[in-house]
Amino acid sequence: MRVATLAAAGLGLTCLFTGNVPASATPATPSHQRLVWGPCSPQQQELNEAGAQCTKVTVPLDYSEPGGRTIRIAVSRIKATAKHGERRGILLSNPGGPGGTGLANTLYLRPALKDAADRYDLIGFDPRFLGESTPVACDPAAPAPVHGPATTRREDFERSVRSARDTARRCQEHGDNARLLPHATSRNVARDMDAIRAALGERRLSYYGVSYGADLGAVYTQMFPRRADRIVIDSSTDPSATQYELFQRAGRPLEEALDAWAGWTARHDGTYRLGSTPARVRSSVQRLLDGAERRPVTVSGVRLDAPLLRLVLRQLIQHEEYDPALAGTVRDLADAAAGRPVEPGPELAAMLELLASPELADSMLGGALFMCGDSGWPAGGWPGDPETYWRNMEASRATQPVFGPLVNGMTAPCAFWRSTSREPATVIGNDVPVLMLQARRDNNVPYEGALALHHRLTGSRLVTADIRSHGVYGRGLDGLAPVPCADGAVNDYLRDGTLPAADLTCPRTEEDR
């Protein structure tokens, strides 16, 4: 359900709406489009085993030119099992990213949905240019150069700049990408969602989205308010901020999460030997990073410089349940840095396998399409001068020594991206009923951002979970401690259309404490 890449999580996009549905929001795809349903591709084993069918919906590449070039959106469907009079309609979802494929995502949610799933045709889709939809490809990345045993902060930064510039070049120059890339926007994904609705002959659609998918859901309510049925958005962001600003704002809660983890690890010093006090644990982490900024750590043949170590730490700091895995990973890395033989634990081994994969660079491209293509929230806003990133990285070290250089850095190739949206960003402000979920200690998309979006979505109710997590609904699907209060609120809303009477905070369970 949650996109698990080593890139920082994607965020969201938005056009001012003050009354009727703007003409530009109306899909040109006719509702009588004839769809040919059949088995899903062999790669979609779970969908086929569940009895799903798949099809392709044809949509305009450019919605301002409905008679022009078209692309195809891959769609899956598992039909509702409720009696005819109890069927509600269609339920779409998006797993986040940006860049996450979602053909099987709504199927994945079905166990969490329980009996609410029976009332909907469960619709999955791959956003434009991703997965089995009409793809965008880039020229292959060149083999990574072999670096010497030593480095510096500045050298690490210069490598990130060269990599970003190269990614932008090989995407822009491949095939006819110069024509395609300006249309990789969240507004167009929202239009594609509405085209799916129209092609299925439905008056309205219901939706669940997490992280970037949450912001995409808010964009849909703004562009198509009368076609939004029961909308659930989980882990959303401030609609007044650009993506780079949102990345930067994650620095403080990430450091706070590290403080909490350091406290837990200090209490387990007999196991991990990283320090008997939180301050000593943090010092162990800082020594590891400071050393890697001079001499990267090599584990299982993979060279980990300080930027990569920060990415590894960020992946594992997101959820409280990952505290043991993070402590074990830091212990392994500290041993490797000291020249001791290391057999990495399962979490570190999985990350090393990903980092050593020749497909790693291309796996990040889907996120870049939308992070760089959108003109504003939920993405966009990246400075064009590389030195801006360097100055921000260095300035952040005073208060955010572990994660500041990461969240202020050149995470995406957007500084060199020449193809951006031809539309203004969406400005959120509507009274569509929406159920919002947010973890109070989310260090990926901070809680304050959800409050800002909640204020703009005047018909929304906010369910807060006082946990460290990115994503609240259906946590049990990922092997994490569920939040029954939040799961129940979502399922009640999707089943019966009942929003909470007021905003609520879910109590912590015994398992959380």
Side-chain angles (χ1 to χ4, degrees), residues 1-4 27 29 31-59 71-84 86-97 99-135 189-190 192-210 213 216-217 220 229-232 234 366 471 473-474 476-478 487 490-491 494-495:
M1 179 168 60
R2 299 176 234 293
V3 177
T29 305
S31 59
H32 62 266
Q33 179 177 168
R34 182 176 180 273
L35 301 180
V36 179
W37 294 95
C40 301
S41 68
Q43 292 75 24
Q44 301 296 335
Q45 181 178 351
E46 292 183 348
L47 281 170
N48 286 319
E49 290 176 351
Q53 291 184 308
C54 286
T55 191
K56 298 283 182 73
V57 173
T58 301
V59 302
I71 58 175
R72 306 186 77 196
I73 307 300
V75 176
S76 68
R77 178 180 66 184
I78 299 175
K79 290 188 175 181
T81 59
K83 298 176 184 177
H84 179 71
E86 297 177 353
R87 178 185 177 276
R88 179 68 193 182
I90 57 174
L91 176 64
L92 281 71
S93 70
N94 182 278
T101 57
L103 202 59
N105 191 62
T106 318
L107 168 65
Y108 177 80
L109 292 170
R110 185 161 64 171
L113 293 164
K114 299 182 177 178
D115 64 326
D118 301 340
R119 298 170 178 256
Y120 295 90
D121 289 355
L122 303 180
I123 307 298
F125 74 102
D126 284 344
R128 56 173 49 204
F129 308 137
L130 303 174
E132 297 185 19
S133 294
T134 298
V189 175
D192 294 343
M193 289 166 54
D194 205 59
I196 293 169
R197 174 204 60 77
L200 294 175
E202 300 285 341
R203 291 179 54 251
R204 304 171 79 189
L205 67 79
S206 295
Y207 176 83
Y208 168 83
V210 62
L216 177 62
Y220 186 86
D229 193 7
R230 296 172 183 173
I231 306 296
V232 181
D234 186 343
Y473 179 67
L477 300 176
D478 296 324
D487 289 353
V490 172
N491 292 348
L494 292 175
R495 183 194 311 107

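Rounding to the nearest 0.5 Å gives a distance of 10.5 Å between CD1 of Ile196 and OG1 of Thr55. In this structure, the separation between CD1 on Ile123 and CG on Asn105 is 13.0 Å, given to the nearest 0.5 Å. Here the straight-line distance linking atom OG1 of Thr58 with atom CD1 of Ile71 works out to 9.5 Å at 0.5 Å rounding.
Under the 3.5 Å distance criterion, the side-chain polar atoms of Ser133 are matched with a main-chain donor or acceptor of Ala74. Under the 3.5 Å distance criterion, the side-chain polar atoms of Tyr108 are matched with a main-chain donor or acceptor of Leu477. In this structure, Asn491 contributes its side chain and Ala112 its backbone to a donor-acceptor pair below 3.5 Å. A donor-acceptor pair under 3.5 Å links the side-chain atoms of Asp126 to the main chain of Glu132, judged by distance alone.
Residues satisfying the salt bridge (Lys or Arg N to Asp or Glu O under 4.0 Å) criterion with Arg128, sequence neighbours excluded, are Asp192. For Lys79, the side chain to side chain contact (heavy atoms under 4.5 Å, CB included) partners two or more places apart in sequence, or in a different chain, are Arg77, Asp121. For the side chain to side chain contact (heavy atoms under 4.5 Å, CB included) test, residues two or more places apart in sequence or in another chain that qualify with Ala104 are Gln44, Leu47. Gln45 is linked by a side chain to side chain donor-acceptor pair (under 3.5 Å) to Glu49, counting only residues two or more places apart in sequence or in another chain. In this structure Thr81 satisfies the side chain to side chain contact (heavy atoms under 4.5 Å, CB included) test together with Asp118, sequence neighbours excluded. Partners of Arg203 by side chain to side chain contact (heavy atoms under 4.5 Å, CB included), not counting sequence neighbours: none found.
Closest approach of Met193 to Leu205, counting heavy atoms only: O-CD2, 3.7 Å. Contact between Ala82 and Arg119 at its shortest, heavy atoms only, is CB-CA, 4.1 Å. Taking each heavy atom of Thr101 and Pro127 in turn, the nearest pair found is CA-CD, 4.4 Å. The nearest pair of heavy atoms linking Ala52 to Ile78 is CB-CG1, 3.6 Å. Closest heavy-atom contact between Leu113 and Leu494: CD2-CD1, 3.5 Å. In terms of heavy atoms, Arg230 sits closest to Arg495 at NH1-O, 3.3 Å.
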Practice problem: Could you go through the side chain to side chain contact (heavy atoms under 4.5 Å, CB included) check for Tyr208 and Leu109 one step at a time? | Solution: CA-CA 9 Å; Tyr208 168 83; Leu109 292 170; 3.6 Å; yes
Quiz item: So Val189 and Phe129, side chain to side chain contact (heavy atoms under 4.5 Å, CB included) or not? Walk me through it.
Solution: CA-CA 10 Å; Val189 175; Phe129 308 137; over 6 Å; no
Practice problem: Show the numbers, then the answer: is there a side chain to side chain contact (heavy atoms under 4.5 Å, CB included) between Ser76 and Leu107? | Solution: CA-CA 9 Å; Ser76 68; Leu107 168 65; over 6 Å; no
Exercise. Apply the test side chain to side chain contact (heavy atoms under 4.5 Å, CB included) to residues Asp229 and Glu202: give CA-CA distance (whole Å), side-chain angles for both, the deciding distance (0.1 Å), then the verdict.
Key: CA-CA 11 Å; Asp229 193 7; Glu202 300 285 341; over 6 Å; no
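Annotation: side chain of Thr106 is not in contact with side chain of Leu92 (no heavy-atom distance under 4.5 Å). At least one side-chain heavy atom of Arg87 sits under 4.5 Å from a side-chain heavy atom of Ile90. In this structure the side chain of Leu35 reaches within 4.5 angstrom of the side chain of Val57, judged on heavy atoms.
Residues Tyr220 and Tyr207 keep their aromatic ring centres 6.0 Å or farther apart.
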